[in-house]
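Some notes on the structure that comes next.
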Amino acid sequence: MTPAFSICVYCGSRPGTEPSFVQAATVVGHWIGSRHGQLVYGGGGGGLMGTVAKATKSSGGRVIGVIPHALAEKESVNDDGCDELHMVDNMHQRKFMMAERADAFLALPGGIGTFEELFEVWTWRQLGFHNKPIGLLNVDGYYDGLLAFMQNTVDKGFVSDWQMDFVYQSNSVETLLPKLVESAGLAKAEGMKAI
Ligand code: AMP
């Protein structure tokens, strides 16, 4: 069965300190899975990544993991939990394939890897390389500092409001995910731009 939609989720390879982070990753996975959606993610078995993948699969969704060989040798890979697991040569191929296979992007709490992935698709969006929506789930105020800093980049003249508008922010899964899926549908209708 063709998935109803495909969302690429970027999030921590660790669970973080707050139970609310794991809880949010579980809710996101259930939201995707119970609507017959598809998760595209980094293929790891641990942290919030593993949580969102397991929750998607256990509630009926489809899971695509994309991981470089070198990382797969070092880290736990979600071998059994992926419908498709792609082993690629490097991080660039990985991020390209993840972006290509998704209709929308969602960042949950995470670290440097998560930031890089979020900022990359944000950069590509502002340059017009794709028109897929991007969401930031601000669980328990985790991203408050980043959002304040981003406002500073606007105030200091390096970023414009229209660039900020490319990222939908919310602390609620029930607000953010329908918005992402709806916007992805509109972007598809307009003709999804290739990455
Ligand atoms: P971080 O936020 O630094 O934990 O990095 C998590 C993000 O980077 C995920 O969305 C992954 O795509 C990628 N990543 C980083 N570490 C790993 C790992 N050990 N296994 C799989 N993917 C990872």
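Being a predicted model, the structure only gives us computed values, none of them experimental. In this chain, residues are counted from 1 in sequence order. Ligands are counted one by one from 1 in listed order, and the atoms in each one are counted from 1 as well.
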ask   = Who passes side chain to side chain donor-acceptor pair (under 3.5 Å) against Gln163, sequence neighbours left out?
value =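 Side chain to side chain donor-acceptor pair (under 3.5 Å) list for Gln163, sorted by chain: Gln126.
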
Please list, in number order, the atoms of ligand 1 under 4.0 Å from a heavy atom of [X].
X: Arg94; answer: 11 (C), 12 (O), 13 (C), 14 (N), 21 (C), 22 (N), 23 (C)
X: Met49; answer: 9 (C), 11 (C), 21 (C), 22 (N), 23 (C)
X: Gly42; answer: 12 (O), 21 (C), 22 (N)

query = Can you tell which of Lys95, Glu117, Met91 gets a heavy atom nearest to atom 8 (O) of ligand 1?
reply =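 Minimum heavy-atom distance to atom 8 (O) of ligand 1 goes to Glu117.
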
key: Pick from Cys11, Ser76, Gly43, Gly110: the one approaching atom 6 (C) of ligand 1 most closely through a non-hydrogen atom   =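 Looking at heavy atoms only, Cys11 sits closest to atom 6 (C) of ligand 1.
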
ask   = Is there a donor-acceptor contact under 3.5 Å linking the side chains of Ser183 and Tyr168?
value =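 Tyr168 and Ser183 do have a side-chain donor-acceptor pair below 3.5 Å.
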
query = Any side-chain heavy atom of Leu48 sitting closer than 4.5 Å to one from Pro109?
reply =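 Side-chain contact under 4.5 Å: yes.
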
inquiry  = Taking the side chain as everything from C-beta on, heavy atoms only, tell me whether Leu136 gets closer than 4.5 Å to Leu118.
reply    =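 Sidechains of Leu118 and Leu136: in contact.
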
What protein heavy atom sits nearest [atom], and how far off is it?
atom: atom 17 (C) of ligand 1; value: Ser13 CB, 3.8 Å
atom: atom 3 (O) of ligand 1; value: Gly113 N, 2.8 Å
atom: atom 20 (N) of ligand 1; value: Leu71 CD2, 4.0 Å

message = According to salt bridge (charged side-chain N to carboxylate O under 4.0 Å, His left out), does anything in residues 39-67 pair up with another residue at least two apart or in another chain? List the pairs.
response =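 Residue pairs with at least one partner in residues 39-67: Lys57-Asp83, Arg62-Glu84.
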
message = Test your reading of the structure: does Gly44 have an N or O sitting under 3.5 Å from an N or O of ligand 1?
response =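 Between Gly44 and ligand 1 (N or O atoms, distance only) the closest approach is not under 3.5 Å.
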
message = Does ligand 1 come near enough to Thr114 that some N or O of the ligand is less than 3.5 Å from an N or O of the residue?
response =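 Looking only at distances, the answer is yes, because the N/O contact criterion of under 3.5 Å is met.
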
query = In the single-linkage hydrophobic clustering (I, L, V, M, F, W, Y; side-chain heavy atoms under 4.5 Å), do Phe96 and Ile67 co-cluster?
reply =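 Looking at the clustering, Ile67 is in a separate group from Phe96.
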
query = With distance as the sole test, does Lys132 use its side chain to make a donor-acceptor pair with the main-chain N or O of Ala102 at under 3.5 Å?
reply =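 A pair under 3.5 Å: yes.
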
ask   = So is Gly12 in contact with ligand 1, going by heavy-atom distances below 4.0 Å?
value =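 True for this residue.
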
